[in-house]
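Report on one structure; see the data block that follows.
Atoms within a ligand are numbered from 1 in the order they appear, just like the ligands themselves. Keep in mind that the numbers below use all heavy atoms, side chains included, and drop hydrogens, waters and symmetry copies.
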Amino acid sequence: MRTPLVMGNWKLNGTKESVTALVNALKAPAAANPKVEVAVCAPAIFIGLVEQLAAGSALKYGSEDADIHNSGAFTGENSPVMIKEFGCKYAIVGHSERRAYHNETDEVVANKFKAIQAAGLVPVLCIGESLEQFEKGETNAVCEKQLKAVIDVNGIDAFKNAVIAYEPIWAIGTGKTATPEIAQNVHANIRALLAKYSKDVADSVQILYGGSCNAKTAYDLFKQPDIDGGLVGGASLKAPDFTTIIESATKAL
Ligand code: 13P
């Protein structure tokens with residue numbers, strides 16, 4: 001039985017005031033839903049604040065990205081070791097926005113995954129297809145290619161301590177959620193690919209759905225056998241909506 005994980009990805013949003021209000025509001029639902037793990041991934045500049053606010057609570061947190069290097073002349077970057085020092089559990093890696101706007105290739109993503117894990121963080125590997133690829137029926141092929149690139153560099157056992165998030169790009173921030181059936185099919189295919197390498201890993205790894213996962217769509221998605229929670233963008237910025245999503249994960253158990 002896999003523990004459901006509901007994770008917010010705040011992206012480039014927030015102020016000191018809004019972050020304080022949001023984290024304070026999420027501590028109670030995180031505690032009230034003990035069978036669900038709840039986490040928020042924050043812009044790096046807010047992670048220290050989240051650390052202070054979340055101290056002693058059930059709320060876990062992470063970064064939205066991490067560099068490959070742990071130190072050196074890499075202006076503007078945040079290293080996995082620094083992120084770990086601030087109490088993060090998770091680091092998102094390979095989000096489609098980073099692949100698109102920061103030219104992160106499969107190779108870069110695989111190496112970031114390695115650095116994140118080496119620092120003692122849990123990588124949350126994002127994979128997913130564009131609208132054009134979806135319309136051409138290439139969804140599974142794209143996901144397999146992105147996943148294999150990480151397996152080739154890190155080995156299948158690396159996924160004993162990692163999370164996968166399937167995020168169809170056409171559903172991100174568009175209000176168009178993949179139907180539970182579409183998402184379930186892709187998740188089952190991801191698990192089948194992993195099972196070719198290791199049945200244990202395939203059975204144990206959490207596979208989250210992301211892409212307009214919101215208070216209305218979450219329950220039906222989470223009811224699917226291969227969907228183990230959500231990576232939530234816009235709806236994670238609103239405490240009542242994110243709380244409903246957390247509660248949906250408990251109800252779907
Ligand atoms: P939205 O929930 O805003 O569609 O974003 C999804 C996402 O990209 C989470 O990483």
Side-chain angles (χ1 to χ4, degrees), residues 4-14 18-19 22 26 36-44 46-47 50 59-66 83 88-102 104 109 112-113 116 121-131 133-134 139 142-143 146-147 150 162-180 182-183 186-187 190 206-222 224 227-249:
L5 171 59
V6 175
M7 178 176 283
N9 172 10
W10 293 348
K11 308 192 179 184
L12 186 56
N13 292 293
S18 73
V19 165
L22 186 52
L26 294 177
V36 176
E37 190 172 2
V38 182
V40 292
C41 290
F46 289 130
I47 289 175
V50 174
L59 186 67
K60 305 279 194 288
Y61 54 95
S63 67
E64 300 175 8
D65 179 43
I83 291 162
C88 286
K89 175 169 182 183
Y90 296 104
I92 297 173
V93 59
H95 192 282
S96 57
E97 288 150 16
R98 297 221 46 103
R99 292 179 192 258
Y101 309 142
H102 299 269
E104 291 193 6
V109 171
K112 283 193 169 192
F113 182 107
I116 288 165
L121 296 159
V122 179
V124 181
L125 172 67
C126 298
I127 58 175
E129 82 287 5
S130 67
L131 181 59
Q133 291 164 333
F134 173 71
T139 300
V142 170
C143 290
Q146 291 176 338
L147 195 50
V150 177
V163 176
I164 296 169
Y166 167 57
E167 299 207 312
I169 297 168
W170 49 269
I172 295 178
T174 58
K176 273 194 214 166
T177 315
T179 63
I182 291 176
V186 181
H187 282 228
I190 293 168
Q206 292 157 309
I207 308 178
L208 312 183
Y209 170 79
S212 299
C213 176
N214 57 42
K216 289 204 176 82
T217 57
Y219 176 78
D220 288 334
L221 288 161
F222 297 169
Q224 302 300 315
I227 300 182
D228 306 312
L231 184 56
V232 185
S236 75
L237 298 168
K238 299 174 208 135
D241 290 31
F242 198 55
T243 300
T244 302
I245 296 170
I246 296 163
E247 290 167 353
S248 302

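- Taking a 4.0 Å cut-off on heavy atoms, Ala235 fails to register as neighbouring ligand 1.
- Close approach of ligand 1 to Gly211 is summarised as follows: ligand atoms under 4.0 Å from at least one heavy atom of the residue are 4 (O), 6 (C).
- Heavy-atom proximity to atom 8 (O) of ligand 1, evaluated over His95, Glu97, Met7, Glu64, is greatest for His95.
- Gly233 N, 2.9 Å is the protein heavy atom nearest to atom 2 (O) of ligand 1.
- Backbone and side-chain nitrogen or oxygen atoms of Val232 are examined, and none is located within less than 3.5 angstrom of a nitrogen or oxygen of ligand 1.
- Under 4.0 angstrom from ligand 1, the non-hydrogen atoms of Ile172 come from both its backbone and its side chain.
- Judged purely by atom type and a 3.5 angstrom limit, Lys112 uses its side chain to pair as donor or acceptor with the backbone of Ala66.
- Taken from CG in Asn214 to OG in Ser248, the straight-line distance is 9.5 Å, to the nearest 0.5 Å.
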Query raised in the report: Glu64 and Lys11: salt bridge (charged side-chain N to carboxylate O under 4.0 Å, His left out), yes or no, with the steps?
Result: CA-CA 7 Å; Glu64 300 175 8; Lys11 308 192 179 184; over 6 Å; no
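- With Thr243 contributing its side chain and Ala239 its backbone, the two residues share a donor-acceptor pair below 3.5 Å.
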Requested in this report: May I have the step-by-step check of salt bridge (charged side-chain N to carboxylate O under 4.0 Å, His left out) for Glu104 and Arg98, ending in yes or no?
Outcome: CA-CA 6 Å; Glu104 291 193 6; Arg98 297 221 46 103; 2.9 Å; yes
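- Taking every non-hydrogen atom of Ser212 and a distance limit under 4.0 Å, the qualifying atoms of ligand 1 come out as 1 (P), 2 (O), 4 (O).
- Looking at ligand 1, you won't find any N or O of Thr174 less than 3.5 Å from one of its N or O atoms.
- Here the heavy atom of the protein found nearest to atom 3 (O) of ligand 1 is Gly234 N, 2.8 Å.
- Checking side-chain atoms of Tyr90 against main-chain N and O of Val163 turns up no donor-acceptor pair under 3.5 Å.
- Lys11 NZ, 3.2 Å is the protein heavy atom nearest to atom 5 (O) of ligand 1.
- Proximity of Ala171 to ligand 1, defined as any heavy-atom pair under 4.0 Å, is confined to the backbone N, CA, C and O atoms.
- When hydrogens are left out, the protein atom nearest atom 9 (C) of ligand 1 is Glu167 OE2, 2.8 Å; that is the closest non-hydrogen contact.
- Panel note: side chain Ser212, backbone Gly175; a donor-acceptor pair is recorded below 3.5 Å.
- Put simply, the residue from Thr177, Asp228, Leu231, Val232 that forms a side-chain contact (heavy atoms from CB on, under 4.5 Å) with Tyr209 is Thr177.
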